[in-house]
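The residues of the chain are indexed from 1 along the displayed sequence. Here the structure is a predicted model, which is why all the values come from computation and not from measurement. Numbering of ligands and ligand atoms starts at 1, following listing order.
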Amino acid sequence: MKVRSSPDTLWIAAQDRMGTGHVQEWKEDLLQKEFVSKITIGKSKEGRTLEVLKIGEADDMEMLMVISMQHPPELTGFLAMQAFIEELVKDSPQARKFRRKYNLYVMPQMNPDGVANGHWRHNLGGIDLNRDWVNFNQPETKALSDFMDNKVKETGGKFVFAADFHSTWEDIFYTNNEELEGNFPGLIPKVIKKSSKRIPGYIPNIRPNEGNQRSVTSNSYFFFVHQAESMTFEVGDNTPRETIQMKGQFLAEELMKILNKKKWN
Ligand SMILES: [Zn+2]
């Protein structure tokens, strides 16, 4: 990179570096653990391997899905997702119990072509992937939805929780209409409220969907097709990194607490 300097102050601003190589390294670290494995689910438009990591040693009766980076530069969302996942792979009694009861599937980078090509929002097909969860015209959304649909068909299990991590100008939770019931009614509001309480003075910005119709987003697909209790977590571009870390970690801890107690028939 060449920069032309002058006697004036020169500002160069950027988010943390998190390219495909960094994501790959993080995945390789996770794969060192015996309860983590990877599943190839397809190829992106430009031929990149689309991969899901499986975390857990349970049967697939109750499953969770986590995705991030549908929108390439949404870095803070990725960081929160990372903190969330790192809590679930810990060697704590809570996390070990969780992994015996549940399998969590995570696709940390939904749009690898977009990241590699420096796209702002779209994939290589020129589509905002988070508007493609009804028609599945793009290989990335098609691969993940096929994976989930097949999983349910093959195992007879169900997705009980799903989260999609993004970034915007402040921290916002987009949730589904609280009057509608998925596989574990009340789970998402409970997890958000309990985890937020642990951060002094923090009142979470929760925006439940008021409609009861399926829409084109991942959050809507997770809920309306799979009845997974789901949320989109938008993380502020400027949210301090320690706060992001705390929020991801507390969300995971409170989620595990509730799910570990839950009896499924
Ligand atoms: Zn986004």
Side-chain angles (χ1 to χ4, degrees), residues 13-20 22-23 26 44-46 48 50-52 64-85 105-145 148 161-176 188 192 204-211 214-225 228-241 243-245 247-248 251:
Q15 290 281 11
D16 315 47
R17 288 170 59 224
M18 191 50 74
T20 305
H22 299 93
V23 176
W26 180 66
S44 69
K45 252 201 165 84
E46 217 170 40
R48 293 188 171 80
L50 300 173
E51 260 174 15
V52 165
L64 294 84
M65 175 57 73
V66 170
I67 65 173
S68 81
M69 264 195 198
Q70 290 202 78
H71 300 144
E74 295 187 354
L75 221 281
T76 52
F78 179 89
L79 297 175
M81 182 280 305
Q82 237 182 350
F84 179 86
I85 294 295
Y105 295 90
V106 54
M107 187 154 177
Q109 201 182 49
M110 274 295 297
N111 186 357
D113 291 350
V115 172
N117 289 282
H119 286 193
W120 187 248
R121 197 165 178 90
H122 297 166
N123 75 338
L124 220 73
I127 298 296
D128 178 341
L129 291 178
N130 207 25
R131 301 293 179 270
D132 191 40
W133 292 87
V134 168
N135 292 323
F136 305 109
N137 285 321
Q138 299 305 307
E140 296 85 5
T141 38
K142 176 91 174 83
L144 194 77
S145 59
M148 289 179 73
F161 170 92
D164 182 6
F165 290 80
H166 287 253
S167 304
T168 191
W169 60 288
E170 62 166 348
D171 294 10
I172 305 169
F173 291 98
Y174 288 106
T175 60
N176 284 289
I188 296 280
I192 296 173
N205 186 351
I206 307 173
R207 300 203 190 156
N209 190 338
E210 311 215 319
R214 184 175 167 195
S215 79
V216 290
T217 64
S218 64
N219 188 24
S220 183
Y221 163 77
F222 295 146
F223 184 71
F224 283 95
V225 176
E229 305 298 338
S230 69
M231 64 178 193
T232 297
F233 185 18
E234 297 271 3
V235 182
D237 295 316
N238 290 329
T239 304
R241 284 359 187 203
T243 309
I244 296 178
Q245 167 65 35
K247 287 184 177 176
L251 278 170

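For the pair Asn123 (side chain) and Gly125 (backbone), a donor-acceptor distance under 3.5 Å is present. In this structure, the side chain of Glu74 does not engage the main chain of His166 through any donor-acceptor pair within 3.5 Å. Listed for the Asn209 side chain is no donor-acceptor partner under 3.5 Å among the backbone atoms of Asn176.
In this pair, Phe84 and Phe165 present their aromatic rings tilted. The plane angle is within the 30 to 60° band.
The distance from the Zn ion (ligand 1) to the nearest N/O/S atom of Glu74 is under 2.8 Å.
Summary: ND1 is the N/O/S atom of His166 found nearest to the Zn ion (ligand 1). Considering just the N/O/S atoms of His71, the one nearest the Zn ion (ligand 1) carries the name ND1.
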